[in-house]
Amino acid sequence: MDKRKIILDCDPGHDDAVAIMLAAINENIDLLGITVVTGNQTLEKTTNNALNICQYLGLDVPVFKGCPDPMIRPKFVAADIHGETGLDGPVFEPLTKKAEEQHAVLWMIDTIMKSDGDITVVTTGPMTNLGMAMRMEPAIVPKIKEIVLMGGAYTNGNVTPAAEFNIIEDADAAYVAFTSGRPITMVGLDVTRKALCYPAIVERMGKVGNKASKLFVDLMGHFCKSQKEVFGWEGGPLHDPITIAYLIDPSVITTKPMHCEIDIFSQQSLGRTNCDFFGYQKKEPNANVAIDIDVEKFWDMIEENIRKYN
Ligand code: RIB
Ligand code: CA
């Protein structure tokens, strides 16, 4: 089977870190590069976090700094969940890996334009870099194989009742992506909140006993504690790696084609992914929205890939 070529655009972030690990380890994924965006923390911090994860795991993957702010509206971070560093918990060696010189958006444009149309863009943070790339060079749009995002919800949000963090942080960028006409797979809170990383899961991954296993345990130590304090979860919902798990084995989630509109106009519901679950608007679906997850298979995939790390 040909490897799936991906660009992983992220805002590390504890769950982004596990997504990076999964994408880098799995033999069926060709991680072309990591583009970083403001989200869980400021761009300097999310970039440092991406570099630290790559350095710790010994990943020879280029990291590119992207947009320091959303396209239009002011940024806000999620320090309550991810801490002041954006990756509180793990302790890393002094950082020597450097980000590439080229801006993430320009690298994304160049890479997609040179491609045969076989690159999947995975976003696990606000979609600012992708939105900007689409606006700066519309010719990349038809060359994107698929957009796979962690974001949104057709049930309750996690920043407001209406909106999920990655979307509300840059609703305008999400609007650009969802109106692009490219195939979209949306992994929203509706399913990520079923992948709760309970203490037994952390213990299970800890028993693997390699560097990837230790990173997982150190990440979850902070992430699960903060998720319990903020949301009352007994285990933190491991949102972002589900996008990668889907690319490795699409059967890990169940999706439903829906017409999904991003609300960029209202105040109360800004950033809402208005997914027409029942299709009663009779509008053409523009996204495959995740409606369920095989949680057992997901954790098996996480353990299997942690075991593969060497
Ligand atoms: O709402 C959860 C999402 O927002 C995750 O991607 C998390 O890392 C943050 O970016
Ligand atoms: Ca994220």
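These figures come from a predicted structure and were not determined experimentally. In listed order, ligands and their atoms are each counted from 1.
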Exercise. Taking C-beta and beyond as the side chain, do Glu84 and Gln41 meet within less than 4.5 Å on heavy atoms?
Worked result: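 Answer yes - side chains close enough.
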
Query raised in the report: Between Phe223 and Phe216, does the ring centroid distance fall short of 6.0 Å?
Result: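 Judged by ring-centre distance (under 6.0 Å), Phe223 and Phe216 do not meet the cut-off.
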
Using a distance threshold of 3.0 Å, state whether an N, O or S atom of Asp16 lies below it from the Ca ion (ligand 2).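 It does; at least one qualifying atom falls short of 3.0 Å.
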
Q) So, is Thr124 placed with an N/O/S atom under 3.0 Å from the Ca ion (ligand 2), counting both backbone and side chain? A)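 Yes, since at least one N, O or S atom of Thr124 sits under 3.0 Å from the Ca ion (ligand 2).
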
*asked:* Suppose we only allow N, O or S atoms; which atom of Asp240 ends up nearest to the Ca ion (ligand 2)?
replied: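 Relative to the Ca ion (ligand 2), the closest nitrogen, oxygen or sulfur of Asp240 carries the name OD2.
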
Looking at Asp11, pick out the N, O or S atom nearest to the Ca ion (ligand 2) and give its name.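 It is OD1 of Asp11.
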
What protein heavy atom sits nearest [atom], and how far off is it?
| atom | answer |
| --- | --- |
| atom 6 (O) of ligand 1 | Asp240 OD1, 2.5 Å |
| atom 4 (O) of ligand 1 | Asn166 OD1, 3.2 Å |
| atom 9 (C) of ligand 1 | Asn40 OD1, 3.2 Å |

Go through ligand 1 atom by atom and flag the ones less than 4.0 Å from a non-hydrogen atom of [X].
| X | answer |
| --- | --- |
| Asp15 | 5 (C), 6 (O), 7 (C), 8 (O) |
| Thr124 | 6 (O), 10 (O) |
| Glu164 | 1 (O), 2 (C), 3 (C), 4 (O) |
| Asn158 | 1 (O), 2 (C) |
| Met150 | 2 (C), 3 (C), 5 (C), 6 (O) |

Quiz prompt | Derivation of the salt bridge (charged side-chain N to carboxylate O under 4.0 Å, His left out) call for Asp118 and Lys3 | solution = CA-CA 10 Å; Asp118 56 350; Lys3 287 192 171 194; over 6 Å; no

NZ/NE/NH1/NH2 to OD/OE distance under 4.0 Å, [X] and [Y]:
| X | Y | value |
| --- | --- | --- |
| Lys114 | Asp110 | no |
| Arg204 | Asp300 | yes |
| Asp292 | Lys194 | yes |

message: Applying a heavy-atom cut-off of 4.0 Å, say which part of Asp16 lies close to ligand 1: side chain, backbone, both or neither.
response: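 Side chain only.
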
(message) So, regarding His239 and ligand 1 (criterion: nitrogen or oxygen to nitrogen or oxygen, under 3.5 Å), is there a contact or not?
(response)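 No, since none of the N or O atoms of His239 sits under 3.5 Å from an N or O of ligand 1.
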
Donor-acceptor side-chain pairing of Lys5 and Ser115 below 3.5 angstrom: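 No, no side-chain donor-acceptor pair sits under 3.5 Å.
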
Check your understanding: Looking just at side-chain N and O atoms, do Thr185 and Glu146 make a donor-acceptor pair shorter than 3.5 Å?
Key ->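 Looking only at side-chain atoms, Glu146 and Thr185 do form a donor-acceptor pair, the distance falling under 3.5 Å.
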
### Message
Which residue is it: Thr124, Thr123, Asn129? I am looking for the one with a side chain to side chain donor-acceptor pair (under 3.5 Å) to Asp9.
### Response
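One option only clears the test, and that one is Asn129.
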
